[in-house]
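Report on the following structure.
Hydrogens, waters and symmetry mates are skipped; everything else that's a heavy atom, side chains included, is used. Letters A, B, ... mirror the listed sequences (proteins, then strands); counts begin at 1.
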Protein chains: 2
Amino acid sequence: MEFVGSVVTGVATLSQTMEDGRRQMVGLLLPSDFVGRPGREYAAFNVEATTDVTLCKFARKPFEKLLNDMPHLRERMLEMALDELDAAREWMLLLGRKTAREKIASLLMIIAKRQNTLKPIENVEELKFELSLTREAMADYLGLTLETVSRQINALKKDGVIELERKRHVFVKDITRLLNETGDDADGGYFE
Amino acid sequence: MEFVGSVVTGVATLSQTMEDGRRQMVGLLLPSDFVGRPGREYAAFNVEATTDVTLCKFARKPFEKLLNDMPHLRERMLEMALDELDAAREWMLLLGRKTAREKIASLLMIIAKRQNTLKPIENVEELKFELSLTREAMADYLGLTLETVSRQINALKKDGVIELERKRHVFVKDITRLLNETGDDADGGYFE
DNA sequence: GCAATAATTTGATCCAGATCAAGGCAGAAC
DNA sequence: GTTCTGCCTTGATCTGGATCAAATTATTGC
């Protein structure tokens, strides 16, 4: 853990593994996300790139010094940490209480939302995006098996909620329809 | 959300509920834990006391001003937020990948550890503590049903891992034995 | 192009934990 | 004491998602 930084392009994941190989992703690192933890020597989680990733990197020690000199930076860091905490807690609801289908729909919504930061998602009628995760990575993120992920994605496709092109390109004609599949309150979380 | 503060005595929980009533706890608030979020108007989660709780309360606005005047305080807040984030991520592994028995054992370890802050838990041979949560609250915390919680607690008792007194008092003769049931690496997380 | 390899789908079967349904028990109110 | 009321346990059954086992389809390297 000699560096901290932030993702510029690409997708990386943050995960934990148990001794017997069970694996849970605990964070998705998309462009603009911060990587690493100031004030701690060791890395608590594994970071892995799933696509080629460009990082904007700082040596940790000088960065910590910078934090002391620039109160604004620490304020920003606190804000980011609290936002991540909220996101982690949303994810806890998903892992603990949602069905497989709701989990998939929620993940698609999150990726869709992150790839479309230009305008609020409720004003977008249709949406096309790239799924830069393998079925296995999605499974590890959602607490499912890759077979279940595959089956549920195809079920959503069969039901006309999404369309697929070459396995990794998703096309959503009606976002409200997908949102209804997430199990979330219509006005909570995704529309902000 | 007019106040922020910190728990002095008692136990409270932080939870989220879905429209159809499914519920997931996302945080356990024990003495010394911080409640509320500076810099945000609304509360994203429900806070509920499970026992009588004493809070040390601050009005949010003045507290935010205090944050600006005292850089140390903001540093401390950042540290606390990052620790909570780590804890939330640990919890994600539990929710996504652990078995019911492992979930119960992990919860017992966490409560045991929090009630015994005097010496590192690996030096304690036996331990007695109060379980201030109902079976239902534990279920909501672990992403299980209350029946499964009851069955698994009694299974751990039958297997001699724990002893029970009046349903809510737990007695652990051999902490290593309980730790082995959590599914966690022997040296990770609980021993710090 | 043509392997070789990785990712995905699909089918059959299984099982941990959910669900449904009574009971049991302890503390509180009377 | 007795009746409530809120927990907790226990049993029977069901089921969503896991597991095991092949195909099938993309992607990569040559």
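At C:dT8, none of the side-chain N or O atoms of A:Ser150 fall inside 4.0 Å of OP1 or OP2 (strictly under the cut-off). Neither OP1 nor OP2 of D:dG17 sits under 4.0 Å from any side-chain N or O of A:Lys103. At least one side-chain nitrogen or oxygen of A:Arg166 sits closer than 4.0 Å to the OP1 or OP2 atom of D:dT27. OP1 or OP2 of C:dA18 sits under 4.0 Å from a side-chain N or O of B:Thr145.
For B:Arg22 against A:Arg97, the heavy-atom pair with the smallest separation is NH1-O, 3.0 Å. Smallest separation of non-hydrogen atoms from B:Val11 and B:Ser132: CG2-OG, 3.4 Å. Listed here is the closest heavy atom pair of A:Met18 and B:Gly183: CE-O, 3.4 Å. Taking all atoms of both residues into account, the shortest heavy-atom contact from A:Leu29 to A:Phe34 is CD2-O, 3.8 Å. In plain terms, the two heavy atoms of B:Gly96 and A:Leu95 that are nearest each other are CA-CD2, 4.2 Å.
Rounded to whole angstrom, the span from the NZ atom of B:Lys157 across to the C1' atom of D:dT10 amounts to 13 Å. The NE2-P distance, from B:His169 to C:dA26, rounds to 15 Å in whole Å. Computed from coordinates, the B:Leu142 CG to C:dG17 P distance equals 12 Å when rounded to whole Å. One atom, CG of A:Leu95, and another, P of D:dG17, lie 13 Å apart when rounded to the nearest Å. In this structure, A:Glu136 atom CD and D:dA18 atom P are separated by 13 Å, rounded to whole Å. If you measure from atom NZ of B:Lys98 to atom P of D:dA18, you get 18 Å, rounded to the nearest angstrom. If you measure from atom CE of A:Met138 to atom C1' of C:dT8, you get 10 Å, rounded to the nearest angstrom. Atom CD of A:Gln152 is separated from atom P of C:dT10 by 13 Å (rounded to the nearest Å).
Of the listed nucleotides (D:dT19, D:dT10, C:dT8), C:dT8 has the atom at the smallest distance from the side chain of A:Leu146. Of the candidates D:dT9, D:dA21, D:dT25, the closest approach to any side-chain atom of B:Asn154 belongs to D:dT9. For A:Glu147, whose side chain is taken as the heavy atoms from C-beta onward, the closest listed nucleotide among C:dT19, D:dC8, D:dC20 is D:dC20. With C:dT8, C:dA18, D:dG17 as the choices, the nucleotide that has an atom nearest any side-chain atom of B:Leu144 turns out to be C:dA18.
Residue-to-nucleotide proximity on DNA chain D shows that, of A:Arg101 and B:Val149, the 5′-proximal contact is made by B:Val149. Along DNA chain D, the nucleotide closest to B:Arg168 and the one closest to A:Arg168 are compared, and the more 5′ of them pairs with B:Arg168. Along DNA chain C, the nucleotide nearest to A:Leu164 and the one nearest to A:Arg97 differ in position, and the one closer to the 5' end is contacted by A:Leu164.
Evaluation of atom-type donor-acceptor distances gives a pair under 3.5 Å for the side chain of A:Arg151 against the base of C:dG11.
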